[in-house]
Each structure stands twice: as C-alpha cells, then as structure tokens.
Amino acid sequence: IHGKVVGFDEESKTLTVAQGKKEKKVQVGSKTQMVGIDCPTKLTKGARVMIDGCNCKNKTASKIALSKGKGKKEKKG
C-alpha cells in the first residue's frame, strides 16, 4: 500500500492511510518494522508511507516505511 497518512489511533493502534479517495485502516503490531519512523504517533498528517505485508485477515502490517513522494519535503534543523 502506498498512501498518505490520515491519522493514527493510539488506543486501537490503527493507522489510517488514504489512497486517492479510498481510505485503508492498517493495524500496527508489536512485530511491525518501522523504517525511518520512531513511533507511529509521530507520523504527520499527509506524510507519505509505504506499507508492506498487510495481512487481509487481521490487517496487521509487517513493515511501514516513509516513502519519498513527489511532494515538497520540510527540512528539519
């Protein structure tokens, strides 16, 4: 899944990602690899993410990575 972050619900550990006009909810489990992300709560709205291995049964992602989109990046520092 490639999409933009809509939001993250801490209680249910659900990450909502928008793909065009569709929204997908993905569970972030203890085994989910975070690439370039310290914590899903720190994901900003509109950040582009790439989600791998989204299991259809439990919708738990195996890997979440920040992807470099064509958008303008904000530089920190």
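All figures in this text were calculated on a predicted structure; none of them were measured in a lab.
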Item to check | Minimum side-chain heavy-atom gap V49-L43 below 4.5 Å | outcome: yes

Name each donor-acceptor pair under 3.5 Å that joins a side chain in residues 6-21 to protein atoms two or more places apart or in another chain, with its distance.
| residue | atom | partner | partner atom | Å |
| --- | --- | --- | --- | --- |
| D9 | OD2 | S12 | OG | 2.7 |
| S12 | OG | T14 | OG1 | 2.9 |
| T14 | OG1 | S12 | O | 3.3 |
| T14 | OG1 | Q27 | NE2 | 2.6 |
| T16 | OG1 | K25 | NZ | 3.4 |
| Q19 | NE2 | H2 | O | 3.4 |

Checklist entry - Side chain of T32, backbone of A61: donor and acceptor closer than 3.5 Å? => result yes

Checklist entry - Can you name the residues that form a side-chain contact (heavy atoms from CB on, under 4.5 Å) with K63, not counting sequence neighbours? => result Q33, V35, D52

Next on the checklist: According to a hydrophobic-cluster definition based on side-chain heavy atoms being under 4.5 Å apart (Ile, Leu, Val, Met, Phe, Trp, Tyr only), do M34 and V26 belong together?
Outcome noted: yes

Item to check | L66 side, atom CG; I37 side, atom CD1 - distance, nearest 0.5 Å | outcome: 4.0 Å

Checklist entry - How would you list, by chain and number, every residue that makes a side-chain contact (heavy atoms from CB on, under 4.5 Å) with K42, sequence neighbours excluded? => result D38, C39

Checklist entry - Rounded to the nearest 0.5 Å, how far apart are OG1 of T60 and CD1 of I51? => result 11.5 Å

